[in-house]
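Fair warning: this is a prediction, and the values are worked out from it, not measured in the lab. Residue numbers start from 1 in every chain, and the chains themselves are labelled A, B, ... in the order their sequence lines are given, proteins ahead of strands.
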4 protein chains.
Amino acid sequence: MRKNVPSMVKDEKLIQKRREQMIKAAVSLFKEKGFHRTTTREIARVAGFSIGTLYEYIRKKEDVLYLVCDSIYDEVRERLEEQIKPGVKGIDRLKQALHAFYQVMDDFQDEVLVMYQEAKSLPNETLPYVLKKEIGMAEIFEKLIQDCVDEGMLQLTEEEVYGASHNILVQGQMWAFRRWALRSHYTIEEFTKMQEAFIIQALNPINTANRT
Amino acid sequence: MRKNVPSMVKDEKLIQKRREQMIKAAVSLFKEKGFHRTTTREIARVAGFSIGTLYEYIRKKEDVLYLVCDSIYDEVRERLEEQIKPGVKGIDRLKQALHAFYQVMDDFQDEVLVMYQEAKSLPNETLPYVLKKEIGMAEIFEKLIQDCVDEGMLQLTEEEVYGASHNILVQGQMWAFRRWALRSHYTIEEFTKMQEAFIIQALNPINTANRT
Amino acid sequence: MRKNVPSMVKDEKLIQKRREQMIKAAVSLFKEKGFHRTTTREIARVAGFSIGTLYEYIRKKEDVLYLVCDSIYDEVRERLEEQIKPGVKGIDRLKQALHAFYQVMDDFQDEVLVMYQEAKSLPNETLPYVLKKEIGMAEIFEKLIQDCVDEGMLQLTEEEVYGASHNILVQGQMWAFRRWALRSHYTIEEFTKMQEAFIIQALNPINTANRT
Amino acid sequence: MRKNVPSMVKDEKLIQKRREQMIKAAVSLFKEKGFHRTTTREIARVAGFSIGTLYEYIRKKEDVLYLVCDSIYDEVRERLEEQIKPGVKGIDRLKQALHAFYQVMDDFQDEVLVMYQEAKSLPNETLPYVLKKEIGMAEIFEKLIQDCVDEGMLQLTEEEVYGASHNILVQGQMWAFRRWALRSHYTIEEFTKMQEAFIIQALNPINTANRT
DNA sequence: TATGAATGAGACTTCATTCAT
DNA sequence: TATGAATGAAGTCTCATTCAT
């Protein structure tokens, strides 16, 4: 599932450590100037080692981008999953997930933005892996919605469930990639509340006040 | 409102002609390989003139990107406005606009994608102009929704109207920037229908068929 | 027959001029330090233009090597042919050619050495072209010898003719690539005379003075 | 006579063992890609130890080349000498040596080629040693020919003996460095036979069958 | 106004060599 | 004695931009 980036170095622990340094450096640089305007030398320097060392842990500059994207997904997902508690059920569970997701999108604004803008520069072989991870994100919401459907709380076709989950993702991600338009109008809490209302409303849950 | 890109050439007619050639060439190249991987030489070649001539009409490569973005907005907007007929009113008018918008997003898939991915490379001075155009797009929908509110068909606060309009934009644009996830599930017609339903539902119009 | 090295520059006259400068610079550098230890920057500098300009006339460093080899062959051949007068016939004609060839090998010592040592670094596509040129050189002598055979002055099979011609070439080229062993023992005139005697003797001409 | 390559390691047995591994690895790599395109890491890897260990036994990459050349000469010479039996005398002894030499050139094709192409990259201090070895090779034939002269079977000046011996060497080595031209025309046996005939003929032995 | 040859800073990447473990 | 991670100088090549024609 994960594409391995080959390294000249054997010590796996060390690889992990150095790549963490590298990713951290890269994310902060990519945020600031984008992938193309960031040089490998800068990445190495900010990471705290030499250009030679950088290339002991990757083959080409693009590999850094892949490592960055891969790592962002893992972090986003981890954060998200640790906030969805198993107790709650149905629509409330979905709401809880939405809350968590918006929170994470706020925390990872820059990272999400980087991914939106630079994914096209990923090494060709790796793009599918990254897209699969994005689909995996959507599937979290698909499952939550489908559970509601199965329990009779929502009436949606399969394709609607799929579409809704992608809408949810995009409506959360826009907090990152449209902040220039949103920050001046909402706090993240206000935004979350509003989007949550829109989404729940759009899913048109059965037996709510606006029926009868 | 529009930032002028200085040119060495005086003849305005000629400027317009050359820039059209240039933009057409650039769009097709940016679609294919992105802004950074496209060279000025290529742009000139595809445009049908020499690199020297290219630089008679712009100062730097980034200027081409600005011209491209600017032109895409104008075209998108033009297309959109020519499809919103003045006769219809209220929710139906909004629906009509949604329809038109999704159609345009389908027609301009590549262009929208380019803008999403390359906007960050715009010359610093010009980014605000381009963002203002995007806001202008949102305002079209803001106005349509606000009309419904004013006519009592929707109950939404000002901030909700603003948020809804940005949601609409993003839910249309995602047809371009998430086609890898959507194309396999929907035709543009299916997608339009689904998204329209979600949006209208989210706006929760008073006294419609799904009430009673 | 000749593999064309593509150039960014259109003006054919200019291409020729610049490539001459480039080849001259490269030969003198390759002589001194070999292909691998010569940098493209040095070639450009010695040629009298910038590194950027160099790359307007070639695609990769290896192209310079090809141009160099190609040009050396053309020059060697030209020099050789202009010294073989049409009047003379038979063994004398062969002797005349040998003389000319040894003279040329003396004049082009460094160039021949460069070719012997660097040919393996030629771009893969071009090696066959260069080898064909070397075979072409051998064919000059093949023809001269075959003429003698046809006139009944030599008795040699076809394969012997072929072998003899390659021996001739190598025995001339060794003046270049074994000068460390030969210079201290012979002048080029002495060497020529000796090798000529060996070769003619080896071909064992019928009915000459050393028989009876 | 042999230039010593300094080593950090004291144990002479170990030095010898490691260097053998190293040379074997290097030869096979140099054959394949030449000296410059072979990396020290590769040499160490193929030799079966680490890059750190490699540098315990040499000072610089060039040292490997020297060790390789030196070892090739020793092997070639050993092979050659073990095939020249002491019983035979005169021209026959020379013929026997020629035979042996051509056989060895066939066996060591790649090695001979490597030496021809890479000798120029030898460490400056060591080139004379290597050339001396090549001269030593020539001296084997010089001696054999001179014996014939001394016995009155050949009439040659000292310089002719020297020249002939170098011709012999080169005419054998060409089986390695011109195989692209020869392999398609001759087997090694045919080639040996032909060259032997040419050489003996060139030496013009007194009182042989082709006289009278 | 149009051309395109020239420029050179700067990007990525490699690899011989060192040195702490 | 063996290891292999770290280093950084140096190499190749690209490309935005200029300017003489």
| field | Sequence neighbours excluded, every pair satisfying salt bridge (Lys or Arg N to Asp or Glu O under 4.0 Å) that has a member inside residues 16-26 of chain A | value |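 Counting only pairs at least two positions apart or across chains, no salt bridge (Lys or Arg N to Asp or Glu O under 4.0 Å) contact touches residues 16-26 of chain A.
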| query | Which sits closer to the 5' end of DNA chain F, B:Glu62 or D:Arg41, going by the nucleotide each is nearest to? | reply |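 This one resolves to D:Arg41.
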| field | Residue closer to the 5' end of DNA chain F, C:Tyr55 versus D:Lys10 (nearest nucleotide) | value |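 Final value for this comparison: D:Lys10.
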May I have the distance from [X] (atom [atom1]) to [N] (atom [atom2]), rounded to whole angstrom?
X: C:Met8; N: E:dT3; atom1: CE; atom2: P; answer: 17 Å
X: D:Glu56; N: E:dA20; atom1: CD; atom2: P; answer: 14 Å
X: A:Tyr57; N: E:dT14; atom1: OH; atom2: P; answer: 16 Å
X: C:Ile51; N: F:dA16; atom1: CD1; atom2: C1'; answer: 17 Å
X: C:Asp63; N: F:dC13; atom1: CG; atom2: C1'; answer: 12 Å
X: C:Lys60; N: E:dT13; atom1: NZ; atom2: C1'; answer: 18 Å
X: D:Leu65; N: E:dA16; atom1: CG; atom2: C1'; answer: 15 Å
X: B:Phe49; N: E:dT3; atom1: CZ; atom2: P; answer: 9 Å

| task | Give one of base, sugar-phosphate or nothing for A:Thr38, where a contact means two heavy atoms less than 4.0 Å apart. | result |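 Sugar-phosphate only.
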| Do any N or O atoms from the side chain of A:Ser7 and from the backbone of A:Glu56 form a donor-acceptor pair under 3.5 angstrom? |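 Yes, the answer is positive, given that a donor and an acceptor are paired below the 3.5 Å cut-off.
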Got [X] and [Y] here, is their nearest side-chain heavy-atom distance under 4.5 Å?
X: C:Arg37; Y: C:Glu32; result: no
X: C:Val130; Y: C:Tyr73; result: yes
X: D:Lys60; Y: D:Thr40; result: no

| said: Measuring to OP1 and OP2 of F:dT12, would you say a side-chain N or O of C:Lys61 lies under 4.0 angstrom away? | reply: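 Yes, such a contact exists.
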| task | Evaluate the ring planes of B:Tyr129 and B:Tyr66, with Trp represented by its six-membered ring, and classify them as parallel (under 30°), tilted (30 to 60°) or perpendicular (over 60°). | result |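 Taking B:Tyr66 first and then B:Tyr129, their aromatic rings stand perpendicular (interplane angle over 60°).
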| Can you give the dot-bracket line for DNA chain E, using ( ) for pairs inside the strand, [ ] for pairs that cross earlier ones, | for pairs with another strand and . for unpaired bases, where Watson-Crick and G-U count if both distances are under 3.5 Å? | .||||||||||||||||||||
| query | Taking B:Phe35 as the fixed residue, which of B:Gln117, B:Lys61, B:Lys120 is the one that meets the side-chain contact (heavy atoms from CB on, under 4.5 Å) rule? | reply |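 The single option meeting the side-chain contact (heavy atoms from CB on, under 4.5 Å) with B:Phe35 is B:Lys61.
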| Can you name the one residue among A:Leu122, A:Thr126, A:Ile58 that meets side-chain contact (heavy atoms from CB on, under 4.5 Å) with A:Leu65? |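 The option that passes is A:Leu122.
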| Which residues within residues 11-28 of chain B lie with some heavy atom under 4.0 Å of an atom in DNA chain E? |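 Contacting residues: B:Asp11, B:Leu14, B:Arg18.
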| message | Closest-nucleotide mapping onto DNA chain E: is C:Ser50 or A:Thr40 further toward the 5' terminus? I mean the 5' end. | response |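 Going by which nucleotide is closer to the 5' end, it is C:Ser50.
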| query | Taking the nucleotide of DNA chain E with the closest heavy atom to each, which residue, A:Thr39 or B:Gly52, is nearer the 5' end? | reply |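 Of the two residues, B:Gly52 wins.
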| Rounded distance [0.5 Å steps], OG1 in A:Thr53 versus CE in A:Met8 |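 Atom-to-atom, A:Thr53:OG1 and A:Met8:CE are 13.5 Å apart.
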